[in-house]
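Positions are given from 1 along the sequence. Computed over heavy atoms, backbone and side chain alike; hydrogens, waters and symmetry mates excluded.
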Amino acid sequence: MLGRIGALSSMVSTCAIPLGSLIEGFAGAWIGVHVLFLIFGMLLLIPAFLLLSQKSFMRI
């Protein structure tokens, strides 16, 4: 079961790359690449802070 879930997750992630690239291209032309890197960098910090705030994660 775990292999099927991993394969599905991998397939969805791989199939989302072209769509993400298309959206990123339009957003980069509209907002600017430097601002997008800053925005997406800050968005990547959200899961890190959420994980660090959970006591069950900190016990690992």
A.B. asks: Going by the side chain to side chain contact (heavy atoms under 4.5 Å, CB included) test, name the single residue among Ile23, Leu19, Ile17 that passes it with Ser21.
C.D. replies: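 Single side chain to side chain contact (heavy atoms under 4.5 Å, CB included) partner of Ser21 among Ile23, Leu19, Ile17: Ile17.
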A.B. asks: With rounding to the nearest 0.5 Å, note down the distance linking CG in Leu36 to CG in Leu43.
C.D. replies: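 CG of Leu43 is found 10.5 Å from CG of Leu36.
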A.B. asks: When you measure from the side chain of Ser9 to the backbone of Ile5, do you find a donor-acceptor pair of N or O atoms at a distance under 3.5 Å?
C.D. replies: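 Looks like no, no N/O pair under 3.5 Å.
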A.B. asks: For Leu44, what residues pass the side chain to side chain contact (heavy atoms under 4.5 Å, CB included) criterion, not counting sequence neighbours?
C.D. replies: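 Expected list: none.
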A.B. asks: Suppose clustering is done on Ile, Leu, Val, Met, Phe, Trp and Tyr with side-chain heavy atoms closer than 4.5 Å. Which residues sit in the same group as Met11?
C.D. replies: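 For the cluster that includes Met11, the remaining residues are Leu8, Val12.
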A.B. asks: Quick one: hydrophobic cluster around Leu45, which other residues, with the 4.5 Å side-chain cut-off, linked directly or via members?
C.D. replies: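 So far as hydrophobic clustering goes, Leu45 is joined with Phe49.
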A.B. asks: Same cluster for Phe40 and Val35 if Ile/Leu/Val/Met/Phe/Trp/Tyr side chains link at under 4.5 Å?
C.D. replies: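 Both belong to a single hydrophobic cluster.
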A.B. asks: Backbone N or O of Leu50 within a donor-acceptor pair of the Ser53 side chain at under 3.5 Å?
C.D. replies: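 Present.
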A.B. asks: Between Thr14 (side chain) and Ser10 (backbone), is there a donor-acceptor pair under 3.5 Å?
C.D. replies: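 Yes, the answer is positive, given that a donor and an acceptor are paired below the 3.5 Å cut-off.
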A.B. asks: I need the His34 NE2 to Ile39 CD1 distance, nearest 0.5 Å.
C.D. replies: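 Between atom NE2 of His34 and atom CD1 of Ile39 there are 13.0 Å.
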